Amino acid sequence: AVLCSALMLGLTATAIAVEKKAALTPDEAKAKQAYALGVQAYIWGYPMVVMQKSRDAMTKGGDAPVTPEQFNKSGLLFAPVNQVANAWGMLGPKFSAVQSGNSDTQYSVTWFDSSKEPYVLHIPDAKGRYYTYQFIDAFTNNFHYASTRTKGSQDQNYALVAPGWHGKLPKGVIRVDTPTPTGFIIGRWFVKNEKDVAAVNAIQKQVTMTPLSSYGKKYTSPKVKVIPAKKYTGDLAFFEQLGDTLEINGAPASDAGLLGLLKNIGLTVDHGFDPSGLSDAEKKALAQAVTEGDEMLAAKSAGMGKDVNGWQLSPVLDEYFGNDYLFRAAIGYQAMFVNTPIEAYYPGVFKDTDGKTLDGSTGKYTMTFAKGKTPPVGAFWSTTMYDAKKRLMTENSINRYKIGSADNLKANADGSTTIYIQNDSPGKDKESNWLPAPKEPFYMLFRMYQPDIEVLNGQYELPGVVRAK
């Protein structure tokens with residue numbers, strides 16, 4: 001009993017000591033609250049801010065859509081809002097508009113704004129070629145697909161209708177309600193190799209965006225005066241840009257509870273970001289939230305989903321992304337604008353089978369598919385190389401940035417297929433299966449277009465990336 005009493009007294013004394021140590025002044029408490037809410041705002045708002053930065057980069061490049069000459073020289077992909085920007089060639093290291101871009105397809109993209117009236121997107125008959133059109137709202141949620149999987153090969157016309165519009169549409173035009181007035185549509189057209197580019201270009205030239213008021217009439221997209229994007233500077237630049245996107249697009253009703261909290265740091269739908277009511281300590285805490293929030297996303301994106309043979313398998317969900325804010329932000333940090341898994345699935349690998357970071361300056365690697373065990377897909381598969389710092393494709397001696405089912409891969413004597421992942425050539429007899437790696441840390445994304453159910457339910461497993469001994 002004496003021992004119990006002594007223990008209780010000791011615990012009580014400890015609790016009192018902890019309580020005294022943990023006591024905060026009101027100003028300190030407010031600063032900690034600002035930090036906590038700032039981290040929440042950063043994770044919730046990160047995709048929207050990156051989305052806006054991408055929009056500015058891709059709509060401020062000129063008064064008209066990028067020409068083939070401009071694209072092939074610079075790798076830039078741009079067009080004014082509500083006009084179509086085409087990637088007139090296969091993507092490579094010059095393309096930096098989005099991180100972790102792909103070289104399997106050529107893009108036909110448009111940043112839309114249907115706040116004044118609906119716009120009609122025309123997708124031409126694909127003539128049997130694989131394609132997919134991904135419709136993305138301002139929060140990076142995928143809200144519609146038009147693709148080989150959903151529509152096959154046929155002419156299609158989609159009216160992008162913003163919230164609150166109640167007019168009538170012409171016959172043959174499919175209504176697509178956009179959750180936000182602005183968003184992004186990514187069209188991807190399969191391209192086998194450089195010789196196939198011209199055939200893809202012929203299709204891309206038929207993709208159009210037309211305001212509803214001009215639909216059915218002769219229409220030429222106007223040249224648009226380029227207004228420089230607003231510059232956001234200072235420690236609170238992130239919150240200022242997030243506030244501006246909120247004023248334009250609003251927020252889902254399901255996010256009302258979170259927004260009720262964020263108003264305590266001056267962030268609202270009606271007025272954007274207003275830090276005038278914050279103390280210097282609270283502002284400092286918000287700046288810290290941005291720095292550490294970014295570190296949190298980096299950690300989450302590198303260890304996201306299920307680990308199978310070193311590959312990070314994102315959850316297979318019917319909805320991308322709903323209210324899973326951390327998952328949404330981590331996906332955006334790793335590879336913005338990923339497809340919903342049923343359309344295309346993108347596992348990523350950052351480490352070899354020994355758990356060591358992939359690095360072309362210190363290691364040579366292989367990835368071997370057993371006979372008959374290449375990915376089961378309805379369309380095609382590939383794996384693409386990126387540097388870990390910029391998250392972009394990297395220059396190499398043979399201008400090869402991805403490798404996959406569209407390539408003439410050589411099988412081994414036992415019927416297996418090995419991909420060689422290293423900086424220097426594995427030898428002339430193996431170069432058909434060589435994916436060049438940079439002399440620095442790197443990662444790869446594996447893309448499986450129209451994955452079979454075995455991929456989605458986890459029965460199929462990608463082989464690991466093995467470091468040569």
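Just so it is clear, the structure is predicted and the values come from calculations on it, not from any experiment.
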Taking [X] for the side chain and [Y] for the main chain, is one N or O donor matched with an acceptor at less than 3.5 Å?
{"X": "Tyr232", "Y": "Phe239", "result": "no"}
{"X": "Gln83", "Y": "Pro80", "result": "no"}
{"X": "Asp359", "Y": "Ser361", "result": "yes"}
{"X": "Tyr333", "Y": "Lys300", "result": "no"}
{"X": "Gln288", "Y": "Gly293", "result": "no"}
{"X": "Asn86", "Y": "Pro65", "result": "no"}
{"X": "Asn423", "Y": "Pro438", "result": "no"}
{"X": "Tyr460", "Y": "Pro451", "result": "no"}
{"X": "Trp111", "Y": "Thr59", "result": "no"}
{"X": "Asp352", "Y": "Lys356", "result": "yes"}

Please lay out, stage by stage, how Thr148 and Gln450 fare under the test side chain to side chain donor-acceptor pair (under 3.5 Å). CA-CA 9 Å; Thr148 301; Gln450 289 183 219; 4.6 Å; no

Is any side-chain heavy atom of [X] closer than 4.5 Å to a side-chain heavy atom of [Y]?
{"X": "Trp381", "Y": "Phe446", "answer": "yes"}
{"X": "Met48", "Y": "Thr140", "answer": "no"}
{"X": "Ile265", "Y": "Leu286", "answer": "yes"}
{"X": "Ser314", "Y": "Ile331", "answer": "yes"}
{"X": "Arg55", "Y": "Phe184", "answer": "no"}
{"X": "Gln156", "Y": "Lys151", "answer": "yes"}
{"X": "Thr362", "Y": "Lys439", "answer": "no"}
{"X": "Gln70", "Y": "Leu76", "answer": "no"}

When rounded to the nearest 0.5 angstrom, what is the spacing between [atom1] in [X] and [atom2] in [Y]?
{"X": "Ile419", "Y": "Met444", "atom1": "CD1", "atom2": "CE", "value": "7.5 Å"}
{"X": "Asn141", "Y": "Thr180", "atom1": "CG", "atom2": "OG1", "value": "8.5 Å"}
{"X": "Met393", "Y": "Met90", "atom1": "CE", "atom2": "CE", "value": "9.0 Å"}
{"X": "Phe369", "Y": "Met367", "atom1": "CZ", "atom2": "CE", "value": "3.5 Å"}
{"X": "Phe350", "Y": "Leu358", "atom1": "CZ", "atom2": "CG", "value": "9.5 Å"}
{"X": "Tyr420", "Y": "Asn433", "atom1": "OH", "atom2": "CG", "value": "6.5 Å"}

Which atom names give the shortest non-hydrogen contact between [X] and [Y], and what distance separates them?
{"X": "Met209", "Y": "Asn82", "answer": "CB-O, 3.3 Å"}
{"X": "Trp165", "Y": "Arg175", "answer": "O-NH2, 3.2 Å"}
{"X": "Gly378", "Y": "Asp452", "answer": "N-OD1, 3.7 Å"}
{"X": "Pro228", "Y": "Val226", "answer": "CD-O, 3.7 Å"}
{"X": "Ile123", "Y": "Tyr158", "answer": "CD1-CE1, 3.9 Å"}
{"X": "Ala251", "Y": "Val269", "answer": "CB-CG2, 4.2 Å"}

Cation over ring, Arg391 on Tyr386, under 6.0 Å and within 45°? no

Quickly, which of Thr178, Asp137, Thr182 forms a side chain to side chain donor-acceptor pair (under 3.5 Å) with Asn249? Name it, please.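 When side chain to side chain donor-acceptor pair (under 3.5 Å) is applied between Asn249 and each of Thr178, Asp137, Thr182, only Thr182 qualifies.
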
Applying the side chain to side chain donor-acceptor pair (under 3.5 Å) test to Ser382, which of Thr105, Asn102, Asp104 qualifies? Asp104

May I ask you to say whether [X] pairs ionically with [Y], meaning some side-chain N is under 4.0 Å from a carboxylate O?
{"X": "Glu240", "Y": "Lys230", "result": "yes"}
{"X": "Lys469", "Y": "Asp354", "result": "yes"}
{"X": "Lys283", "Y": "Asp235", "result": "no"}
{"X": "Lys389", "Y": "Glu440", "result": "no"}

Within the supplied structure, the quantity of interest is the number of heavy atoms (other residues, nucleotides, ligands) at a distance under 6.0 Å from [X] [atom1]; does it exceed 12?
{"X": "Lys373", "atom1": "NZ", "result": "no"}
{"X": "Lys402", "atom1": "NZ", "result": "yes"}
{"X": "Ile248", "atom1": "CD1", "result": "yes"}
{"X": "Asn457", "atom1": "CG", "result": "yes"}
{"X": "Ile398", "atom1": "CD1", "result": "yes"}

Give a yes or no on whether the ring-centroid distance for [X] and [Y] is below 6.0 angstrom.
{"X": "Tyr365", "Y": "Phe442", "result": "yes"}
{"X": "Trp189", "Y": "Tyr131", "result": "yes"}
{"X": "Tyr133", "Y": "His144", "result": "no"}

Taken in chain and number order and not counting sequence neighbours, the residues that satisfy side chain to side chain contact (heavy atoms under 4.5 Å, CB included) with Lys390 are Asp387, Leu392

For Lys192, what residues pass the side chain to side chain contact (heavy atoms under 4.5 Å, CB included) criterion, not counting sequence neighbours? Phe190, Asp196, Ala406

In terms of the angle between their ring planes, are Phe139 and Trp44 parallel, tilted or perpendicular, with boundaries placed at 30° and 60°? tilted

Once you measure the plane-to-plane angle for Tyr42 and Phe238, does it fall in the parallel (<30°), tilted (30-60°) or perpendicular (>60°) bin? tilted

With side chain to side chain donor-acceptor pair (under 3.5 Å) as the criterion, how do Asn339 and Tyr145 come out once you've worked through the C-alpha distance, each side chain's angles and the decisive distance to 0.1 Å? CA-CA 10 Å; Asn339 279 291; Tyr145 270 97; 2.7 Å; yes

Test side chain to side chain donor-acceptor pair (under 3.5 Å) on Asp270 and Thr268 and set out the steps. CA-CA 6 Å; Asp270 294 332; Thr268 65; 5.8 Å; no

Go through the steps for Leu121 and Tyr119 under the test side chain to side chain contact (heavy atoms under 4.5 Å, CB included), then give the verdict. CA-CA 7 Å; Leu121 170 68; Tyr119 268 73; over 6 Å; no

Please identify each residue that fulfils side chain to side chain donor-acceptor pair (under 3.5 Å) with Glu28, with sequence neighbours left out. Thr25

Check the pair Tyr443 / Ser100 against side chain to side chain donor-acceptor pair (under 3.5 Å), numbers first and verdict last. CA-CA 10 Å; Tyr443 69 97; Ser100 304; 2.5 Å; yes

